[in-house]
Novice: 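So that we are looking at the same thing, I have put the structure below in structure tokens.
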Amino acid sequence: MEAEAADAPPGRVEAALSCFSFNQDCTSLAIGTKAGYKLFSLSSVEQLDQVHGSNEIPDVYIVERLFSSSLVVVVSHTKPRQMNVYHFKKGTEICNYSYSSNILSIRLNRQRLLVCLEESIYIHNIKDMKLLKTLLDIPANPTGLCALSINHSNSYLAYPGSLTTGEIVLYDGNSLKTVCTIAAHEGTLAAITFNASGSKLASASAKGTVIRVFSVPDGQKLYEFRRGMKRYVTISSLVFSMDSQFLCASSNTETVHIFKLEQLTSSRPEEPSTWSGYMGKMFMAATNYLPAQVSDMMNQDRAFATGRLNFSGQRNICTLSTIQKLPRLLVASSDGHLYIYNLDPQDGGECVLIKTHSLLGSAATEENKENDLRPPIPQSYAATVARPSASSASTVPGYSEDGGALRGEVIPEHEFATGPVCLDDENEFPPIILCRGSQKGKSKQT
């Protein structure tokens, strides 16, 4: 869920942010600037707490945080082929790796770290940064478009399978095998994303008019939504709510669309015996005699809710999150602001803007930093009451940064993957070897 801000066209003010991304569970926001990068906690509507900031690496164009842990991955325009992994709470670099060409995007979960180049994808084991697989036989991917399931029990990866059509390759990041190929769109892909459990995959084409949702791993189409018909747009972000009940899409227009994933049924319920019900039934029957494209258009669902931005044409990303027990729509823009909207999960309609935060002037206290590094409470997006808090942090020595890899021990997969691994402090941090490496088809560590 990361976006790199494009250069400003002549006559317009240069973008304040180089890049911005929400973390995997939408509890944190990371931004990159000419001076460095910053991390923010998204626990309050009224106050935006800066958790960490660094000016050690200038001109950052990729910054990704692993959930609410202290692991952050940074790439700079000064060294666009080098990935730097930091433990920001300790203020130390864990490792860095260099690749054969510029890094276009990075995705990570608690099991895998992906580095996407234009013509290859590198899959690392996040616990020790060992290179597990290099995908070399992929079509050219100039935007670095790819998605990784945040559910480390499956670690599905999706990336474009064609330069000319909207074909998606679904790859298992655990077994390191291709699962299937999905013919998602006629045109080229613009956005792909998994839901939190990795059981659904959403996609949008370069036209930006139709959004489709497929089941994983079999690739069957489940939903089809129409964003609009009058104009083509560039989809800049596509994201599920954490409970997979909603899907949000933002673009280069002034409207953010939210779609509701209704419960699927095997057959349509009988229409009520009213005049409107009768006409609705006749209308649906008539679509069987219309051209396929027209029929499909009539059967596509429209947006459940919308958010209205006071600008258009600027790079932005959106997410759906629960803040202070209420569902919110969040939009981060390259103009250097975070916009927070209220959303009614029952009736939808137009979301109401309730707060605008500047991302360039916030500061955090040490207390705010400590609060952010505590395990977050998992919440359903549509729910208005928080669920019970997560279990207490694990004290298994294997999760210690100093407790496994440096002694040459191998942590069993079942031990790492059992239960919600919080990774919130140095005692639960993945044991990554302090290393310097280069990736040119083979892994080299020292």
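Remember, predicted model here, so these are calculated numbers, not experimental data. Because only heavy atoms are used, hydrogens play no part in the values below, and waters and symmetry mates are left out as well, while side chains stay in.
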Novice: For the residue pair L135 and L157, establish whether any side-chain heavy-atom pair is separated by less than 4.5 Å.
Specialist: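 Yes, side chains in contact.
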Novice: Not counting sequence neighbours, which residues clear side chain to side chain contact (heavy atoms under 4.5 Å, CB included) with S101? List them please.
Specialist: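 Scan of S101 (side chain to side chain contact (heavy atoms under 4.5 Å, CB included), adjacent residues dropped) gives L117.
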Novice: What is the ring orientation for Y223 with F225, classed by angle as parallel under 30°, tilted 30 to 60°, or perpendicular over 60°?
Specialist: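 Parallel.
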Novice: Return the minimal non-hydrogen interatomic distance between C146 and R107, and the atom names on each side.
Specialist: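 Smallest heavy-atom distance, with atoms named: O-NE, 3.3 Å.
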Novice: Nearest 0.5 angstrom please: H152 NE2 to N174 CG, how far?
Specialist: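 The distance works out to 9.0 Å.
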Novice: Less than 4.5 Å apart, side chain to side chain, heavy atoms only: is that true for R110 and F67?
Specialist: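 A side-chain contact under 4.5 Å exists here.
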Novice: Can you list every ring pair (Phe, Tyr, Trp, His ring centres under 6.0 Å) pair that touches residues 312-337, not counting sequence neighbours?
Specialist: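 Not a single pair qualifies under ring pair (Phe, Tyr, Trp, His ring centres under 6.0 Å).
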Novice: Between D243 and Q245, is there a donor-acceptor pair closer than 3.5 Å when you use the side chain of the first and the backbone of the second?
Specialist: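 Here the side-chain-to-backbone pair exists.
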Novice: Measure the CG-CG distance between L17 and L360 for me, rounded to the nearest 0.5 Å.
Specialist: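 Atom-to-atom, L17:CG and L360:CG are 5.5 Å apart.
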Novice: Do N125 side-chain atoms and M129 backbone N/O form a donor-acceptor pair below 3.5 Å?
Specialist: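 Not a single qualifying donor-acceptor pair exists.
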Novice: Evaluate the side-chain proximity of S251 to T234: yes if any heavy-atom separation is below 4.5 Å, no if none is.
Specialist: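 Answer no - side chains too far apart.
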Novice: For the residue pair L359 and L29, establish whether any side-chain heavy-atom pair is separated by less than 4.5 Å.
Specialist: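 Yes; the side chains approach each other to less than 4.5 Å.
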Novice: Suppose we call two aromatic rings close when their centres sit under 6.0 Å apart. Are Y339 and F311 close by that rule?
Specialist: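 Yes.
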Novice: Checking the side chain of T356 only, and the main-chain atoms of I340 only, is there a donor and an acceptor separated by less than 3.5 Å?
Specialist: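 No; zero donor-acceptor contacts below 3.5 Å.
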Novice: Taking the side chain as every heavy atom from C-beta outward, state whether V256 and C248 have any pair of such atoms under 4.5 Å apart.
Specialist: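 Yes. Closest side-chain heavy atoms under 4.5 Å.
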Novice: Using modelled atom types only, decide if a donor and an acceptor are shared between the side chain of S28 and the backbone of F40 within a distance under 3.5 Å.
Specialist: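 Judged by distance alone, yes, a pair lies under 3.5 Å.
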Novice: Could you walk me through whether T143 and L104 satisfy the side chain to side chain contact (heavy atoms under 4.5 Å, CB included) test, starting with their C-alpha distance in whole Å, then the side-chain angles of each, then the deciding distance to 0.1 Å, before giving a yes or no?
Specialist: CA-CA 7 Å; T143 63; L104 300 181; over 6 Å; no
Novice: Evaluate H185 against R212 for side-chain hydrogen bond (donor to acceptor under 3.5 Å, both in side chains), listing each step before the verdict.
Specialist: CA-CA 8 Å; H185 302 271; R212 296 187 173 103; 3.0 Å; yes
Novice: With sequence neighbours left out, write down each residue that passes side chain to side chain donor-acceptor pair (under 3.5 Å) with N109, or none if nothing qualifies.
Specialist: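 Checked N109 against side chain to side chain donor-acceptor pair (under 3.5 Å); matches are S155.
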Novice: Could you check whether any side-chain heavy atom of Q324 comes within less than 4.5 Å of a side-chain heavy atom of S44, counting everything from C-beta outward?
Specialist: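 Yes, their side chains come closer than 4.5 Å.
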Novice: Can you sort out the partners of N342 under side chain to side chain donor-acceptor pair (under 3.5 Å), two or more places apart, ordered by chain and number?
Specialist: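 By the side chain to side chain donor-acceptor pair (under 3.5 Å) rule, N342 matches R328.
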Novice: Hey, can you tell me if Y61 and H77 have their rings parallel, tilted or perpendicular (30° and 60° cut-offs)?
Specialist: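 Y61 and H77: parallel rings.
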Novice: Indicate, with yes or no, if the rings of H52 and Y37 have centres closer together than 6.0 Å.
Specialist: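 That pair passes the under 6.0 Å test.
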Novice: Do T33 side-chain atoms and G36 backbone N/O form a donor-acceptor pair below 3.5 Å?
Specialist: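 Judged by distance alone, yes, a pair lies under 3.5 Å.
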Novice: Could you go through T255 and R308, starting from their C-alpha distance and side-chain angles, then the distance that decides it, and tell me whether this counts as side-chain hydrogen bond (donor to acceptor under 3.5 Å, both in side chains)?
Specialist: CA-CA 5 Å; T255 306; R308 189 72 58 178; 2.8 Å; yes
Novice: Is it the case that the ring center of F304 lies less than 6.0 angstrom away from the ring center of F246?
Specialist: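 Between F304 and F246, which both carry aromatic rings, the centre distance is below 6.0 Å.
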Novice: Which atoms form the tightest heavy-atom contact between S149 and F194, and what is the distance?
Specialist: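 Heavy-atom minimum between the residues: N-CD1, 3.5 Å.
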Novice: How far apart are the closest heavy atoms of G187 and S205, and which atoms are they?
Specialist: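 Here G187 and S205 meet closest at O-CB, 4.3 Å.
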Novice: Which heavy atom of C351 sits nearest a heavy atom of L329, and at what distance?
Specialist: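 C351 and L329 have their closest heavy atoms at SG-CD2, 4.2 Å.
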Novice: For L114 and I106, what are the C-alpha separation, side-chain angles and deciding distance, and is it a side chain to side chain contact (heavy atoms under 4.5 Å, CB included)?
Specialist: CA-CA 6 Å; L114 308 180; I106 288 176; over 6 Å; no
Novice: Apply side-chain hydrogen bond (donor to acceptor under 3.5 Å, both in side chains) to residues S312 and T253 and explain how you reach the verdict.
Specialist: CA-CA 5 Å; S312 63; T253 69; over 6 Å; no
Novice: Distance only, no hydrogens: is a donor on one side chain within 3.5 Å (strictly under) of an acceptor on the other, for S244 and N195?
Specialist: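 Checked: S244/N195 side chains pair up, N/O donor to acceptor below 3.5 Å.
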Novice: Take S321 and L42, measure what side chain to side chain contact (heavy atoms under 4.5 Å, CB included) needs, and give me the verdict at the end.
Specialist: CA-CA 9 Å; S321 183; L42 302 176; 5.8 Å; no
Novice: Which heavy atom in P160 sits nearest to a heavy atom in L145, and how many Å separate them?
Specialist: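 Heavy atoms of P160 and L145 come nearest at CD-O, 3.2 Å.
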Novice: Any carboxylate oxygen within less than 4.0 angstrom of a Lys/Arg side-chain nitrogen, looking at D59 and K34?
Specialist: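 Salt bridge present between D59 and K34.
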Novice: Rounded to the nearest 0.5 Å, what's the gap from CG on L131 to CD1 on I123? Could you check?
Specialist: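 These two atoms lie 8.5 Å from each other.
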Novice: Taking atom CZ of R227 and atom OG of S250, what is their separation to the nearest 0.5 Å?
Specialist: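 The distance works out to 10.5 Å.
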Novice: Out of curiosity, T193 OG1 to L238 CG, how far, rounded to the nearest 0.5 Å?
Specialist: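 The OG1 atom of T193 sits 6.0 Å away from the CG atom of L238.
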Novice: Under a plain distance cut-off of 3.5 Å, with no hydrogens placed, do N151 and S153 share a side-chain donor-acceptor pair?
Specialist: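 Yes, because at least one side-chain N or O of S153 sits under 3.5 Å from a partner of the opposite role on N151.
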Novice: Is there side-chain contact between Q24 and L108, with heavy atoms separated by less than 4.5 Å?
Specialist: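 Side chain of Q24 against side chain of L108, heavy atoms only: contact under 4.5 Å found.
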Novice: Suppose we screen for side chain to side chain donor-acceptor pair (under 3.5 Å). Which residues come up paired with N141, at least two apart in sequence or across chains?
Specialist: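 Counting only residues at least two positions away or on another chain, N141 forms no side chain to side chain donor-acceptor pair (under 3.5 Å).
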Novice: Show the nearest heavy-atom pair for residues S68 and R65, with the distance to one decimal.
Specialist: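 Nearest heavy atoms, S68 then R65: O-NH2, 3.2 Å.
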Novice: Holding to side chain to side chain donor-acceptor pair (under 3.5 Å), I want the full list of residues that pass it with N55, two or more places apart in sequence or in another chain.
Specialist: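 Expected list: none.
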Novice: Working to the nearest 0.5 angstrom, can you tell me the gap between L309 CG and T306 OG1?
Specialist: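 Here the rounded value is 10.0 Å.
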Novice: Just so I know, are the side chains of V60 and S18 near enough to count as touching, which here means a heavy-atom distance under 4.5 Å?
Specialist: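 When only atoms from C-beta onward are counted, S18 and V60 do not touch, as no gap falls below 4.5 Å.
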Novice: Do Y171 and Y156 have their ring centres less than 6.0 Å from each other?
Specialist: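 When the ring centroids of Y171 and Y156 are compared, they turn out to be at least 6.0 Å apart.
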Novice: Could you go step by step and tell me if S203 and F214 meet the side chain to side chain contact (heavy atoms under 4.5 Å, CB included) rule?
Specialist: CA-CA 8 Å; S203 65; F214 302 89; 3.6 Å; yes
